[in-house]
Amino acid sequence: MTVTLENVKPLIGSVVRFDDRAELFTEDAMALFREAMETRTVLVFPEVDFSDEEQLRFTDMFGARVNLTSDSVSEKAKEEDVYQVTLDRKVNKAPEYVLGTFFWHMDGLTVDMPPPAATLLSCRRASADGGQTEFSSTYAAYDYLPDDDKALVENLKATHSVRASLRPIADIIPPEDEAKMNIGIVKDHPIVWRRANGRASLVIGTTTDRVEGMEIVHGRALLTRLLEWAVQPDFVYRHYWKKGDFVIWDNCGAMHRVIPYDWESGRMMHRTSIAGTEAVGA
Ligand code: OGA
Ligand code: MN
């Protein structure tokens, strides 16, 4: 097998190198990718140009496919479990949610299932301006957290909701779309997620609202401070997309966000997800 990995930064990110793309669809390669995703968080397959069919084949070999969004995509894409991430109103009937991706988040914290283990994203059309995706390792964020903060957050829980995540865009949502802000469920998650693999990561981001048992403003200040810590440059990889790039990441060990791009940019990403097997905090 000629598939190899090249680290991008000490704590996060690897680029996958290969001679023949057929080699990516082998059990040996999948085993390598699964292991690497645990330790490197984000894997980049430069300009591999997957069709939807290839992306689904890769997704199914990598793990158990799951559909996170049952609406707001075209019927065809829905059937195929490929979600089209775009601000194009002709394709996406609820692009306001895509605006939510401009803020640090983990996928699937406000749905009634374990968060997806991995997210897989193909770039079909890059934006000329903006549109880079950033990933921050929430394992690194926990590992390097100063001891007094580790002790402080050890047994704390935060409330997560879609409403909280839409707060930064609440005043630009038309009143008739207000009801859209109440989708998803409100869920409490421990801030420190002790994983089955023996590691621990932080569960924070734009969906957080309050810290249980704390005065609201103190809780929000703590959540802001943890977020600022977690996204320091050493913990973050920023991907500059080229058409055909395919990136997969450990959704349970990372937050991600997109640098803003325009409504008219034409940016189009095709997303698939792998089902999570661990509920947060279990
Ligand atoms: C998402 C997301 C990232 C991107 O679809 O959940 O965060 O780069 N997308 O579009
Ligand atoms: Mn996302």
Side-chain angles (χ1 to χ4, degrees), residues 12-13 41-46 50 52 55 59 65-74 77-78 80-88 91-111 113-138 160-162 164-166 168-169 183-184 203-208 227 230-231 236-263 265-276 280:
I12 186 167
T41 308
V42 185
L43 305 184
V44 176
F45 300 72
F50 282 163
D52 279 351
Q55 179 163 348
T59 303
R65 187 201 306 183
V66 69
N67 191 328
L68 268 193
T69 41
S70 46
D71 53 9
S72 81
V73 289
S74 73
K78 185 162 79 184
E80 293 173 348
D81 291 341
V82 177
Y83 175 65
Q84 296 176 286
V85 185
T86 180
L87 287 174
D88 184 345
V91 179
N92 190 338
K93 283 174 241 134
E96 288 77 14
Y97 296 111
V98 175
L99 300 179
T101 65
F102 294 176
F103 303 89
W104 287 109
H105 68 281
M106 290 164 60
D107 291 338
L109 286 179
T110 55
V111 292
M113 60 167 120
T119 307
L120 306 85
L121 205 58
S122 283
C123 179
R124 293 310 190 90
R125 187 161 170 198
S127 174
D129 298 299
Q132 304 90 350
T133 308
E134 294 187 314
F135 306 90
S136 94
S137 167
T138 49
H160 294 248
S161 66
V162 174
S165 70
L166 293 177
I169 60 169
I183 60 147
V203 181
I204 52 177
T206 190
T207 50
T208 55
L227 188 75
V231 300
V236 172
Y237 166 67
R238 176 187 284 197
H239 188 67
Y240 292 80
W241 293 99
K242 280 201 175 127
K243 181 179 176 302
D245 284 354
F246 178 62
V247 171
I248 70 178
W249 69 92
D250 175 357
N251 177 62
C252 295
M255 288 184 286
H256 58 284
R257 73 166 177 192
V258 188
I259 303 303
Y261 52 96
D262 287 339
W263 290 94
S265 72
R267 186 181 192 269
M268 172 60 78
M269 313 294 282
H270 284 196
R271 186 185 79 187
T272 50
S273 303
I274 300 288
V280 180

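When a ligand or atom number is given, it counts from 1 through the structure's own listing order. The first residue in the sequence is number 1, and the count goes up from there. Treat the numbers as computed from the prediction; the structure is a model and nothing was measured.
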Give yes or no for whether the N/O distance cutoff of 3.5 Å, strictly under, is met between [X] and ligand 1.
{"X": "Arg271", "answer": "yes"}
{"X": "Arg267", "answer": "yes"}
{"X": "Thr133", "answer": "yes"}
{"X": "His256", "answer": "yes"}

Interfacing atoms of ligand 1 (cut-off 4.0 Å, heavy-atom, Leu121) =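 The list of qualifying atoms is 3 (C), 4 (C), 8 (O).
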For a quick check under 3.5 Å, do [X] and [Y] share a side-chain donor-acceptor pair by atom type?
{"X": "Asn92", "Y": "Thr86", "result": "no"}
{"X": "Ser122", "Y": "His270", "result": "no"}
{"X": "Trp249", "Y": "Thr41", "result": "no"}
{"X": "Thr59", "Y": "Thr272", "result": "yes"}

Does the side chain of His256 come within less than 4.5 Å of Asn251's, by heavy atoms?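 When only atoms from C-beta onward are counted, His256 and Asn251 do touch, with a gap below 4.5 Å.
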**For ligand 1, the portion of Val98 having any non-hydrogen atom under 4.0 Å away** =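 Val98 to ligand 1: no contact under 4.0 Å from either part.
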Indicate, as side chain, backbone, both or neither, the part of Asp107 found under 4.0 angstrom from ligand 1 when only non-hydrogen atoms are considered.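 Side chain only.
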Could you tell me the residue and atom name of the protein heavy atom closest to atom 2 (C) of ligand 1, and the distance to it rounded to 0.1 Å?
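Of the protein heavy atoms, Thr101 CG2, 3.6 Å lies nearest.
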Which residue holds the protein heavy atom closest to atom 4 (C) of ligand 1, what is that atom called, and what is the gap in Å?
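Ranking protein heavy atoms by distance from atom 4 (C) of ligand 1, first comes Val258 CG2, 3.2 Å.
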| said: Could you check whether Arg124 pairs with Asp52 (Lys NZ or Arg NE/NH1/NH2 to Asp/Glu carboxylate O, under 4.0 Å)? | reply: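 Counted as a salt bridge, because a side-chain N and a carboxylate O are separated by less than 4.0 Å.
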May I ask you to decide if Gly253's main-chain N or O and Thr138's side chain share a donor-acceptor pair within less than 3.5 Å?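 Yes; at least one donor-acceptor contact below 3.5 Å.
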Query raised in the report: Judged by non-hydrogen atoms, does His105 sit under 4.0 Å from ligand 1?
Result: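 In this structure, His105 qualifies as a contact of ligand 1 - some heavy atom is under 4.0 Å.
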**Study point:** Apex the Mn ion (ligand 2); atoms His105 NE2 and His256 NE2; angle rounded to 10 degrees
**Key:**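 An angle of 90° at the metal.
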| For the Mn ion (ligand 2), what is the closest N, O or S atom on Asp107? |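 Sorting the N, O and S atoms of Asp107 by distance to the Mn ion (ligand 2) puts OD1 first.
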